[in-house]
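One structure is given here, and the rest of the page talks about it.
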2 protein chains.
Amino acid sequence: MSVTIKDVAKRAGVSPSTVSRVLSNHPRISHATSEKVREIMEEMGYHPNMMAKSLVSKTTKSLGVILPKPAEELFLNTFFMELIRGIVTQANRSGYDVVLTSGASEKEEVDAVSRLVFGGRIDGAILLYSRQNDPVVDFLSDKEFPTVLIGRSEQHANVLSVDTNNIEAAADATRHLIQLGHRRIGFVSGPSELVVSLDRISGYRQALQEAGLPLRDDWIVEGEFLQESGYRAMSFFMNLPERPTALVVVDDIVSFGILRGLHELGYKVPDDISIVSFNNIALAELSTPPLSSIDIGIYHLGYTASQALIQAIRGDDHALLSQRHIVPHRLIVRESSMFSPPHTES
Amino acid sequence: MSVTIKDVAKRAGVSPSTVSRVLSNHPRISHATSEKVREIMEEMGYHPNMMAKSLVSKTTKSLGVILPKPAEELFLNTFFMELIRGIVTQANRSGYDVVLTSGASEKEEVDAVSRLVFGGRIDGAILLYSRQNDPVVDFLSDKEFPTVLIGRSEQHANVLSVDTNNIEAAADATRHLIQLGHRRIGFVSGPSELVVSLDRISGYRQALQEAGLPLRDDWIVEGEFLQESGYRAMSFFMNLPERPTALVVVDDIVSFGILRGLHELGYKVPDDISIVSFNNIALAELSTPPLSSIDIGIYHLGYTASQALIQAIRGDDHALLSQRHIVPHRLIVRESSMFSPPHTES
DNA sequence: ATTGTTTGTGCAAACGTTTTTACAATTTCC
DNA sequence: GGAAATTGTAAAAACGTTTGCACAAACAAT
């Protein structure tokens, strides 16, 4: 049986409403009473009951984070941990808690979310890694429930989102290789349903064009965010009669697969082929050789998402609803792209 | 304004209590009414308000997960993501939500937890990676709040915990190397404040003793769960006049540092030195060479923790309070330990 | 002095549930 | 055929807050 506002009130010789007002720093409360009540609260070890509070205020001070349905591959990535850490840190800092949820199937996901939303358990939601046509996004945007998407969704322009400028990021990666002297640059992409894949391909193309280099669609290989995909892409490229001297790779994990394959076949990185990839997960600097990678500020993405969501909840609208936040990226150059390409005529 | 139990009651021509009873499958409700009420609930889109429910039932159907204070190194590890995934999956499956929290400092951590606990926001807590003398554990065990520790704490024998049998796991790793023919085996440990480090050292020693091999304390190197520690340990061992032919390493990340160092110095693994480590994070099979590692079932640890906690909350006591759950481990042999040691006389 | 305003506090309703108690209607039993 | 047990439902209190309204006291303005 914990201490309630009534207990405090009784002991302080005031009414419950007064205690409540002390708690919320109501202006019309005398300094004297305030002091006394606070003292007694301290003494009795009073802690407000969040449930009661939520019930009347219709607000829970918590955010829901929807984990993507267990696509196992995603969890190989430290990506999510970083993201979540960013979200939780900022949320806690603003006095919000974070409720995690996930579903085994799309249906379960929607169920879980609707339980949270309709049950009044959360004030807003952050969606990680939304797919195209994500039913959860549909659901939330339909209800006009405060929502932030991490990543960009083509069809939900009316939903807040936090994202990397992937086009620019890919262009940066590609330009870096061009500057090193590379003229034959391949691209290892992710699933073509994901906007991130498409954006990065665009950026890659853009940089090639700027430099007046030919666009060769046969040098764009599609795969998944898995090490195996990298391995396969590597085989493909290395068996070509005319090989690229450098690769831009859509994700660090995929690069790991490539590195491993190249090592097995006895190729040297960057001597035989240079590699630049994306995300700069912690392990990128631990690989052999350490990987050049675009740091997209994963923690920062999470942090920003949390911040944007809380603003939206507070109604600091300022027409920033339906806004897209871009988190800056930067290229981290490591050994995998430190040298110029072998001398050949293109 | 959402649909309440009263709205449903009015429309169905029954009392709110009846609706509530339908919801909770009260035995004394007629099939007819039940059907009718359910129909109307569906029709009106009724969803129970969790806050109101919690207020009266004094139970929230959510678990708190306390992330360790941002020890950056921990987040390099996919460890936590796996753990959390296990926790969330099992919790959701049992109808529980998971609230995440973390603190920038120990004080903030305790504050955050006490807010959750006293505020009645969570029914139980899971602590990841508790330190010795963890103030959060003290706080929770003091309040007799349902708590599960992942990992073992020496001083809180009265707290539920889920853990690996690290002594046995380390012994297994060491025995594996002995079976391959190794006679000179070193150990790279973690911080000596952590029980996990100490346990693994014990297991290592035990296996050496069983095999009648000499215990050499100068072949036990202490470090942190960082790649740099591995690098340093590697330097130490490789500069020894008499070198071990194999190493048991306390964490995969540390092994990555070792592998990288060996590669730089031109040593081959496993030809020159064999390595077995712990945790078998997803990247262990992606390293060069792939790493032999003890799989401690991280996901399973999280899953079990969640399960144990929910049981404790439900009061399925059966004297299983203050119990220690052991999650089985198994050795995954990969290339880093596939060959016999170079021929030498010990 | 009288009126008007400000300041500090209490009362009571409300938030959306669960649950205890009560009671009528029906069934069961001897 | 009447008492006892069972079944189905309702009324109302409770959970711990917040907040609009009321009102007394103190102060300010005329």
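Residue numbers begin at 1 in each chain, while the letters A, B, ... track the order of the sequences.
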For the rings on B:Phe145 and B:Phe118, is their centre-to-centre separation under 6.0 Å? no
Sugar-phosphate only, base, or nothing, as touched by A:Thr33 at under 4.0 Å among non-hydrogen atoms: sugar-phosphate
Rounding to an integer number of Å, can you tell me how far A:Phe118 CZ sits from C:dT17 P? 13 Å
Axis bend over the full length of the helix from C:dA1-D:dT30 to C:dC30-D:dG1, computed from five pairs that close each end, to 10 degrees: 40°
In whole Å, I'd like the distance from the NZ atom of A:Lys53 to the P atom of D:dT19. 10 Å
Sugar-phosphate only, base, or nothing, as touched by B:Gly13 at under 4.0 Å among non-hydrogen atoms: sugar-phosphate
Side chain of B:Leu55, heavy atoms from C-beta onward: which of C:dG10, D:dG16, D:dA11 has the nearest atom to it? D:dG16
Quick one: do B:Thr59 and B:Ser57 satisfy side chain to side chain donor-acceptor pair (under 3.5 Å)? Show the steps, please. CA-CA 5 Å; B:Thr59 194; B:Ser57 71; 5.1 Å; no
Report which part of the nucleic acid B:His47 touches: base, sugar-phosphate, or nothing (heavy-atom distance under 4.0 Å, all strands). sugar-phosphate
5' priority, DNA chain D, between A:Pro16 and B:Val56 [closest heavy atom]: B:Val56
note: A:Lys36, atom NZ; C:dT9, atom C1'; distance rounded to Å ~ 11 Å
Taking any heavy-atom pair under 4.0 Å as a contact, classify A:Thr18: base, sugar-phosphate, or nothing. sugar-phosphate
Which one, C:dT9, D:dT17, D:dT9, comes nearest to the side chain of A:Asn49? D:dT17
Is the base of D:dC15 touched by the side chain of A:Thr4 through a donor-acceptor pair closer than 3.5 angstrom? no
Round to the nearest Å and state the distance from B:Ile5 atom CD1 to C:dT19 atom P. 11 Å
Closest to the side chain of B:Tyr46, out of D:dT19, C:dT18, C:dT17, is C:dT17
Taking the side chain of A:Arg21 as heavy atoms from C-beta outward, which of C:dT19, D:dC21, D:dG16 is closest to it? D:dC21
For A:Ser17 and A:Ser20: C-alpha separation, side-chain torsions, deciding distance, then whether side chain to side chain donor-acceptor pair (under 3.5 Å) applies. CA-CA 5 Å; A:Ser17 14; A:Ser20 171; over 6 Å; no
Given B:Thr101 and A:Asn92, is the side chain to side chain donor-acceptor pair (under 3.5 Å) satisfied, shown in steps? CA-CA 7 Å; B:Thr101 202; A:Asn92 283 181; 3.1 Å; yes
Please determine, for the side chain of A:Ser30, which listed nucleotide (D:dT17, C:dG8, C:dT17) has the closest atom? C:dG8
Compare the minimum distances between each of D:dA10, D:dT9, C:dT18 and the side chain of B:Ile29, then state the nucleotide with the smallest one. D:dT9
To the nearest angstrom, how far is B:Lys6 atom NZ from C:dT17 atom C1'? 10 Å
Apply side-chain contact (heavy atoms from CB on, under 4.5 Å) to B:Arg38 and B:Tyr46, showing your working. CA-CA 9 Å; B:Arg38 277 179 208 288; B:Tyr46 170 77; over 6 Å; no
Check the distance between C:dT27's P and B:Arg28's CZ and give it to me in whole angstrom. 16 Å
Could you tell me the separation between the CG atom of A:Leu23 and the P atom of D:dG16, rounded to a whole number of Å? 15 Å
Check the distance between D:dA10's P and B:His26's NE2 and give it to me in whole angstrom. 13 Å
Sidechain-backbone polar pair: A:Asp7 side chain, A:Arg11 backbone, donor-acceptor under 3.5 Å: no
